Visitor: 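Take a look at this one; I'll ask things after.
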Amino acid sequence: MEKRGSAPEIFLKPFNPSEAESHISTLWENSGYANPDVCIEKGVTKPDAEPYSIVLPPPNVTGTLHMGHAAMLAIEDILIRYARMNGQKTLWVPGTDSAAIATQSKVETDIYKKEKKTRQDLGRDELLKRINAFTEESKSTIVNQIKRMGSSLDWSRYAYTLDEARYKAVMEAFVRMYDAGLIYRGDRIVNWDPKLQTTVSDDEIEYVEQKDPFYHFKYGPFDIGTVRPETKFGDKYVVMHPNDTRYKEYKHGQKLQLEWINGPIEATVIKDEAADMAFGSGVMTITPAHSGIDFEIASRHKLDIAPVIDERGILLSIAGEFAGTHIKKARPLIVEKLRTKGLIAKIDEGYVHNVATNSRGGGIIEPQIKRQWFVAVDKEVKFPDGTVTSLKKRMREVVESGETKILPAHFEKIYYHWIDNLRDWCISRQIWFGHRIPAWFKGYEIKVQIESPGTTWEQDPDTLDTWFSSGLWTFSTLGWPEQTEDLKTYHPTAVLETGYDILFFWVARMILMSSFLMGEVPFKNVYLHGLVRDGQGRKMSKSLGNIIDPLTMIEKYGADATRISLVIGAAPGTDLKLSEDKVRGYKHFANKLWNIARFVLENSSEIYGHAMSINPEDKKLLAEVDVLTKQVSDNINKFRLDLAADMTYHFVWDRFASEIIEQSKPILSGTDKAAADSRRHTLYSILDTSLRLLHPFMPFVTEAIWQQLSEKDSDLLMVAHWPNK
RNA sequence: GCACCCUUAGCUCAGACAGGUUAGAGCGUUCGAUUCACAUUCGAAAGGUCGGAAGUUCGAAUCUUCCAGGGUGCACCA
């Protein structure tokens with residue numbers, strides 16, 4: 001009688017993801033194969049193999065896993081597992097981010113709710129102690145959730161944006177950039193958030209549409225418009241376009257006496273092209289201390305700049321009788337006074353305009369002139385390769401030359417557009433949680449030049465923009481500024497995979513930092529994935545109640561189904577619509593694969609070490625698998641993971657299960673023993689290849705089946721070799 | 001205002017950069033099968049003037065131009 005295998009005891013039906021996942025996770029963790037050093041030590045990777053590295057975009061240390069993270073983890077783990085199976089020296093570095101502003105404001109809010117204390121009441125040390133306790137406590141949540149996805153990260157290299165090693169990198173980066181003249185301190189107009197009491201960078205501003213009354217005031221012979229009467233106290237310049245024929249009688253520099261809010265003033269006419277002839281009357285007064293564009297006009301003509309509003313939104317002495325009043329309360333009073341003085345021409349109700357807000361959960365931005373630290377993006381300095389250029393130019397060059405490729409390609413245009421509009425980057429923040437400005441520290445203050453000779457450098461209490469340290473992430477995680485083996489081996493990284501929404505915040509800043517500090521790009525490829533939306537294409541949000549929680553999906557349908565749902569149908573850079581039905585569908589697929597394996601193993605003979613004579617018909621089937629392998633590999637190489645996964649899915653289900661196996665049934669039970677043996681061998685071989693091809697996408701179920709194979713070339717599928725076709 | 005993307009079956013999307021049989025898939029719908037590795041299954045059917053118009057071409061879902069609708073980024077907002 002023919003020797004028949006039988007499905008092992010553990011091969012129960014249906015496939016039980018949660019049981020398999022905990023078992024398989026343990027196998028992987030114990031193997032240590034996520035660490036490339038272990039792979040080399042155990043002989044599964046050659047010491048001279050080509051390196052392949054990805055640095056995980058660090059999730060917020062106090063956050064929980066959402067579908068965006070899940071998509072990121074799925075995509076990166078696919079690339080990593082594929083590289084590892086291809087024999088590359090593969091490293092995926094995990095980390096978490098402090099998310100300075102968001103974290104501090106959350107902890108402050110909590111403390112205020114419970115204890116009615118502000119951060120000033122607690123003091124800097126106590127607040128930081130509380131924040132650190134909070135981050136430490138919540139850290140394990142996110143880390144465990146990342147592990148649940150099957151992410152083969154090397155946890156021995158875990159990094160946190162505020163740990164000791166990253167602190168050294170940040171200090172070193174700051175000092176080097178300062179010494180090169182790329183970091184300077186200056187009094188500039190910045191985005192001030194009166195609610196969080198800190199500056200924020202241009203990129204963190206979110207414009208929100210708002211309806212307000214638009215006031216037309218009589219300013220001498222002119223009609224000037226504003227939505228913000230409370231800024232008008234200091235206005236002693238009236239600006240118009242030089243080509244505006246309506247005002248040709250007025251000459252640049254001409255003085256006019258006129259009646260204004262708090263009495264008679266002398267106004268000076270300024271001709272400047274920044275005035276838009278088509279807007280309102282074409283005439284405006286300016287408030288240089290509280291408006292970016294006004295500040296520029298004032299700088300061009302060397303005009304006086306007088307602050308009107310303080311950091312808390314309270315009017316200064318220039319406001320006369322209104323001094324000491326908050327702008328919110330003052331506005332109607334000022335309008336009323338202008339009205340009684342007969343200075344209101346008209347009021348347009350319902351004027352729609354954009355208001356700048358702090359996207360990090362802050363308030364409405366009030367531009368202020370403040371002494372802050374900046375990174376000069378247009379200044380030409382010497383780069384490590386000897387060329388003299390600016391950060392802006394270099395950031396453009398490395399993408400234009402293809403040293404770093406952005407996928408999908410149309411984001412390159414968006415990236416250039418952003419660079420063209422980029423202004424000096426304000427990097428100091430007035431919050432306490434974060435890396436402090438090195439000027440404060442002993443040991444560094446020596447290197448930092450004294451701004452004005454003869455004065456001592458005061459201690460700067462500010463911290464650095466979180467994106468300053470994030471910009472160093474690809475190399476600070478690999479040991480920089482030390483010249484470590486990791487740094488030499490794994491930098492530049494192979495690919496940076498992240499959502500397109502942080503292209504500017506982060507991707508561009510990493511290119512900036514790495515270009516100057518490392519003299520090389522931080523990554524060879526940028527792969528931008530889309531946002532995960534609900535089944536109808538809406539953003540997932542609490543208020544809509546349409547949030548699909550990845551952990552719930554993992555518990556209900558398994559991590560494999562969750563992963564592949566986030567990959568299939570997700571072309572690079574396009575938003576992905578995800579529904580629970582879709583995840584359920586791929587759970588069915590995991591079960592299908594499981595049952596294919598049951599069938600094959602119950603009927604199969606081994607494929608290794610047996611000289612078999614294979615029928616021509618079966619050879620054709622094997623050739624078909626070779627074609628599939630080639631196409632899947634090509635698509636992964638092109639970052640078309642969606643197509644790679646989709647074609648494998650269809651091959652396994654429609655071709656392998658529905659056709660090949662069905663056609664095999666009569667052959668296996670037939671009288672032609674040689675044909676049956678040939679087919680058994682073929683089925684086993686197709687299963688074997690299918691498992692390898694699917695492993696990056698569905699690591700748990702494929703590994704669980706792999707563990708049931710009697711003959712295999714590797715104890716774990718995780719480090720089995722990728723089929724070579 | 002400037003820029004980028006999208007518009008293909010009821011729904012969600014491939015296909016477009018490299019033009020070439022009868023434009024595909026999943027879900028849904030309808031009909032049927034099933035002592036089978038799998039009812040988390042199998043087979044079949046219905047369903048599309050590829051947003052509109054013009055152009056290039058032997059040939060256009062695909063390339064070009066214009067238009068319409070939707071989305072996004074950036075700037076402005078006195």
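Here is how names work: the chains are called A, B, and so on, in the same order as the sequence lines, proteins then strands, and each is numbered from 1. Fair warning: this is a prediction, and the values are worked out from it, not measured in the lab.
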Visitor: For A:D688 and A:S690, test the side chains for any donor-to-acceptor distance below 3.5 angstrom and give the result as yes or no.
Guide: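 Per modelled atom types, A:D688 and A:S690 side chains form no pair under 3.5 Å.
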Visitor: With rounding to the closest Å, how many angstrom separate the C1' atoms on B:A16 and B:C11?
Guide: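 These two C1' atoms come out 23 Å apart once rounded.
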Visitor: Work out how far the P atom of B:C67 is from that of B:G10, and round it to whole angstrom.
Guide: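 Between the two P atoms, the distance is 29 Å.
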Visitor: Heavy atoms from C-beta onward define the side chain here; which of B:A37, B:C74, B:C77 lies closest to that of A:I596?
Guide: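 My answer, after comparing the listed nucleotides, is B:A37.
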Visitor: With a non-hydrogen cut-off below 4.0 angstrom, is A:F504 in contact with a base, only sugar-phosphate, or nothing?
Guide: sugar-phosphate
Visitor: Taking the six-membered ring for Trp, are the ring centroids of A:Y586 and A:H588 within less than 6.0 Å of each other?
Guide: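 No - the distance between ring centres of A:Y586 and A:H588 does not fall below the 6.0 Å cut-off.
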Visitor: Hey, does A:K638 reach any base, or is it just sugar-phosphate, or nothing, if we go heavy atoms under 4.0 Å?
Guide: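 Nothing, no nucleic acid heavy atom in range.
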Visitor: Do the two ring centres, one from A:W425 and one from A:F374, sit under 6.0 Å apart?
Guide: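 No: the rings miss the under 6.0 Å criterion.
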Visitor: Between B:C5, B:A37, B:A25, which nucleotide gets closest to the side-chain atoms of A:H410?
Guide: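 Out of B:C5, B:A37, B:A25, the nucleotide with an atom closest to A:H410's side chain is B:C5.
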Visitor: Mind checking if A:S291 touches a base, just sugar-phosphate, or nothing, with heavy atoms under 4.0 Å?
Guide: nothing
Visitor: Determine the Euclidean distance between corresponding P atoms of B:U7 and B:U12; express it in Å to zero decimal places.
Guide: 12 Å
Visitor: Looking only at atom P, what distance separates B:A23 and B:U30, rounded to whole Å?
Guide: 27 Å
Visitor: Examine the base of B:C38 for any acceptor or donor lying under 3.5 Å from a partner atom in the side chain of A:K592, and report the outcome as yes or no.
Guide: yes
Visitor: One pair to check against ring-ring contact (aromatic ring centres under 6.0 Å, His included): A:Y649 and A:F697. What are the steps and the verdict?
Guide: CA-CA 10 Å; A:Y649 169 90; A:F697 303 96; over 10 Å; no
Visitor: Which one, B:C5, B:A25, B:A14, comes nearest to the side chain of A:L643?
Guide: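 Comparing B:C5, B:A25, B:A14 against the side chain of A:L643, the answer is B:A14.
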Visitor: Both atom distances under 3.5 Å, Watson-Crick or G-U wobble: I'd like the secondary structure of RNA chain B as a dot-bracket string, with | for pairs made across strands.
Guide: ((((((((.[[[[.)....(...]]]].(((((.......))))).....[[[[[..)....]]]]])))))))....
Visitor: Using the C1' atom on both, measure B:G15 against B:A25 and round to a whole Å.
Guide: 11 Å
Visitor: Give me the distance, rounded to whole Å, that separates B:U8 from B:C58 when you measure between the P atoms they each carry.
Guide: 31 Å
Visitor: For atom P, what is the distance between B:U40 and B:U29, given to the nearest Å?
Guide: 16 Å
Visitor: Using the C1' atoms only, state how far B:C76 lies from B:C63, rounded to an integer number of Å.
Guide: 36 Å
Visitor: Excluding sequence neighbours, so at least two apart, what forms salt bridge (Lys or Arg N to Asp or Glu O under 4.0 Å) with A:D304?
Guide: A:K236
Visitor: Reckon A:K582 touches a base, only the sugar-phosphate, or nothing at all at heavy-atom distances under 4.0 Å?
Guide: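 A:K582: no heavy atom of the nucleic acid under 4.0 Å.
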Visitor: Decide side-chain hydrogen bond (donor to acceptor under 3.5 Å, both in side chains) for A:E659 and A:Q663; before the verdict, give the C-alpha distance in whole Å, the side-chain angles of both, and the deciding distance to 0.1 Å.
Guide: CA-CA 6 Å; A:E659 292 173 4; A:Q663 287 159 11; 5.3 Å; no
Visitor: Tell me whether the side-chain N/O atoms of A:W418 come closer than 4.0 Å to OP1 or OP2 in B:C4.
Guide: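 Checking B:C4 against A:W418, no side-chain N or O comes under 4.0 Å of OP1 or OP2.
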